[in-house]
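Reading through the structure tokens given below for one structure.
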Amino acid sequence: MTSGPRTLYEKIWDAHVVERREDGTCLVYIDRHLVHEVTSPQAFEALRMSGRKVRRPDLTLAVPDHNLPTTARLDAQGRRLPIADPESAQQLAALERNAPAFGIRYIGPTDAEQGIVHVVGPEQGFTLPGATLVCGDSHTAAHGALGALAFGIGTSEVEHVLATQTLLLKQSKSMNIRVEGELGFGVTPKDLILHIIGRIGAAGGTGYVIEYSGSTIRDMSVEGRLTVSNMSIEAGARAGLIAPDDKTFDYLKGRPMAPKGADWDKAVAYWRTLPSDPGASFDAIVEIDAASVAPTVTWGTSPEDVVPILGAVPDPDSFAEQAKRDAARKSLDYMGLTPGQKLREVGVENIFIGSCTNSRIEDLRAAAAVLKGRKRAANVKQALVVPGSGLVKRQAEAEGLDRIFIEAGFEWREPGCSACLGMNPDKVPAGERCASTSNRNFVGRQGPGARTHLVSPAMAAAAAVTGKLTDVRELMR
Amino acid sequence: MTPVRAVEGKAIPFGRANVDTDIIIPAKWLKTISREGLGRGAFETVRAEPGNVFDDPAYVGAPILIAGENFGCGSSREHAAWALADLGIKAVIAPSYSDIFSGNAFKNGLLAIELPRAAIDRLMEVAKTDPISIDLEHQTVTTRFQDRFTFEIDPFRKHCLLNGLDEVGLTLAMEKQIAGFEQKRELETPWL
Ligand code: SF4
């Protein structure tokens, strides 16, 4: 236990240590466990083989998202449509068997609450400040936006949490990223996190838990904070954290799984004690001036390969390290770009608005604001909007956003991970480019040979209108 | 997990060095929902070679696999250990292993025994005609020709294997501490 002033991370950590071993490894209690169809089947099977139970089904929530097609799930008569890919169908069927067999609450493909695990958790009030939360998916870091210590785990660890509600962990180092000032016109939380990753590098956060603070973060909506914390893993960090405040409490109040009545008051009083104490020390500090962030886009195959939209593709020889020069050359080859090329001249055939990074209602509103009264360019072959959950979808429809998207030539889909990863039918064809609001521009991530440019929802919408990467500010004036 | 004290029986004299996890179980077998059944894909590319040891009737049902240096290198897939287990392998004997593979083997109750090159060569010979015995308690590998090789193993792993304790099992043994924590948690943060 840390004595003296403590960080938010240290406070949550200390409150969850069941037992500390001599070598510093701790048995840490897990308050919330999100389970999806891809990383859970072997964990459940292992429990079955060893005759073990899920220790706390009441702290576990299962939702399919990764594999699920985003096309209609019911036919005209309201019957469930089968999934064409046999392996995806099998993984979904396994989750549908395992959840009830182990007494776990399950939100199915046709439930209004279904969606991407990292959208559903906060939306349902399953994610709470000061809690530890895990999921067999690396973007679990998103939940840190509400002040929960949240990180991704592998299948063996999923089994360990199911059986024991604990994990064996070593404490990470702490990094504080302080962002001060106002984000400029047309600049969004997505641009900020891309800028941060560009600044510290894709491995800059390795071994750390990052706490984001400063006036920019305080002024940001909870949904914007979710976008920022979500991509902590792309900077190599184990988790991201943002101090809970009145915005967090307002966001959570009345959510189905959030505390109620006297419990709520008690919880809020406790949550108010969580922010880092004045004078608490971090192992590393990074300062960012919000005013220096421009609408940002990636040019390569690592999320650190970022450049302002008005910039140009860098020359691989401009990098200091040999390894980075080689990587950049390979990236440019894969991406089909040349050094010095202006990003604004790069044409795109695909637009993807979705993923756990940018599929909440504010994201859809921002994209729709750009698209209103406009149409997608002729060279754009595929334009998908995939709401993060059924509830986001319903809200967007109530606001008429679906009409704006459809009239602009977008497909309005059912919730899921979709084209964020090439695991379900939504893919980007080989050799084609995609302006995507997702979080990974890795080789083959959106499909074999697919070329991904990570951008904000507004920037993706702008690219849809012009058919090339575009400075959204030009369309907003 | 079932306790492992001894493994006795035929041994497959594979002997190859740098067997990566892609050779043990090719990537196309990974989209499964089970740890079982992976034996069908195990060593698929090797088994496509005529006269390979895996399809030699002399070694059907053998519980031991003898291999060369750096066994289990490459991708971290736990499926490699699952595939070997599904094939009926209970112990691998090799001069060295990748760290990740020996960790995964241990997690799944599979013995990964390290012996010097000379011992491996001798065991490859014996395996062609006779069974091999592994005694975990005494840390020995013996044959009916009076061969006796001793091996090292991490005392903690040995203890776990002998008593059938896996990581989950070990944590479950801390039931008192976990239950105690849950009681305190219920009082202090009842909304969780
Ligand atoms: S949307 Fe993408 S990053 Fe998020 S959980 Fe799904 S696959 Fe992972």
Side-chain angles (χ1 to χ4, degrees), chain A residues 15-19 27-29 31-32 37-38 40-47 49-50 52 55-56 59 67 85-88 90-95 97-98 128 130-132 154-157 159-168 258-268 270 423, chain B residues 1-3 25 27-38 41 75-83 85-86 100-101 103-110 154 156 160 164-192:
Chain A
H16 287 85
V17 173
V18 175
E19 187 152 286
L27 189 67
V28 173
Y29 198 81
D31 295 315
R32 297 286 186 269
E37 77 279 26
V38 176
S40 67
Q42 280 96 352
F44 282 115
E45 187 198 28
L47 290 186
M49 277 160 55
S50 49
R52 287 172 181 148
R55 183 180 179 89
R56 295 294 300 267
L59 304 182
N67 266 335
D85 175 51
E87 273 149 346
S88 297
Q90 199 191 19
Q91 286 192 326
L92 178 67
L95 188 61
R97 262 197 322 274
N98 288 327
L128 294 175
T132 47
T155 296
S156 288
E157 292 170 303
E159 178 194 345
H160 197 275
V161 175
L162 287 172
T164 71
Q165 205 58 37
T166 62
L167 273 180
L168 283 162
K260 310 254 166 349
D263 267 356
W264 171 261
D265 298 331
K266 248 178 137 171
V268 172
Y270 175 71
M423 206 166 192
Chain B
M1 223 156 52
T2 355
I25 185 79
K28 73 168 201 214
W29 291 87
L30 305 187
K31 244 191 155 188
T32 158
I33 57 162
S34 177
R35 297 179 196 222
E36 285 172 7
L38 285 168
S75 133
S76 65
R77 61 189 68 156
E78 202 169 324
H79 300 70
W82 301 341
D86 194 60
I100 291 180
F101 177 81
N104 284 338
F106 162 67
K107 261 187 207 149
N108 290 279
L110 178 72
D154 175 80
F156 173 73
C160 292
L165 302 171
D166 56 317
E167 275 174 12
V168 174
L170 283 172
T171 304
L172 283 174
M174 296 177 66
E175 171 58 31
K176 227 178 72 209
Q177 289 92 322
I178 299 174
F181 183 93
E182 281 178 334
Q183 257 172 19
K184 179 178 81 125
R185 175 180 180 274
E186 188 60 44
L187 280 176
E188 290 173 2
T189 52
W191 60 86
L192 281 175

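We find the CD-OG distance between A:Gln90 and B:Ser34 to be 9.0 Å, quoted to the nearest 0.5 Å. To the nearest 0.5 Å, atom OG1 of residue B:Thr171 and atom CD of residue A:Glu19 are 10.5 Å apart.
Inter-residue side-chain proximity for B:Met174 and A:Leu27 is flagged as met; some heavy-atom pair is nearer than 4.5 Å. Between A:Thr166 and B:Gln177 there is no side-chain heavy-atom pair separated by less than 4.5 Å.
For B:Ala173, no part lies near chain A; criterion is any non-hydrogen pair under 4.5 Å. Neither the backbone nor the side chain of A:Val38 comes within contact range of chain B; no heavy atom of the residue lies under 4.5 Å from a heavy atom of that chain. Using a 4.5 Å cut-off between heavy atoms, A:Asn67 does not touch chain B at all. Neither the backbone nor the side chain of A:Ala262 comes within less than 4.5 Å of any heavy atom of chain B. Of the atoms belonging to B:Thr189, it is side-chain heavy atoms, and not backbone ones, that fall under 4.5 Å from chain A. Proximity to chain B is absent for every atom of A:Leu162, based on heavy atoms less than 4.5 angstrom apart.
Side chain of B:Arg185 to main chain of A:Ala15: no donor-acceptor pair is present (N/O by atom type, distance under 3.5 Å, no hydrogens or angles). No donor-acceptor pair closer than 3.5 Å links the side chain of B:Glu167 to the backbone N or O of A:His160.
Heavy atoms only, all atoms of each residue included: A:Tyr29 and B:Ile178 are closest at CE1-CG2, 4.1 Å. The two atoms that bring B:Leu192 and A:Ala131 nearest to each other are CD2-CB, 3.8 Å, heavy atoms only. When all heavy atoms are compared, the tightest approach of A:Arg52 to B:Gly169 is NH2-CA, 3.5 Å. Annotation for B:Thr32 and A:Gln91: closest pair O-NE2, 4.0 Å, computed over non-hydrogen atoms.
With respect to chain B, the highest number of heavy-atom pairs below 4.5 Å among A:Tyr270, A:Phe44, A:Trp264 belongs to A:Tyr270. With chain B as the partner, the residue from A:Glu45, A:Gln42, A:Glu159 showing the most heavy-atom pairs under 4.5 Å is A:Gln42. Contact count against chain B (heavy-atom pairs under 4.5 Å) is highest for A:Arg56 among A:Met49, A:Arg56, A:Glu37.
The existence of a salt bridge linking A:Arg55 and B:Glu182 is confirmed by a sub-4.0 Å separation between a basic side-chain nitrogen and an acidic carboxylate oxygen.
Checked by atom type, the side-chain pair B:Glu78/A:Ser156 shows a donor-acceptor distance below 3.5 Å.
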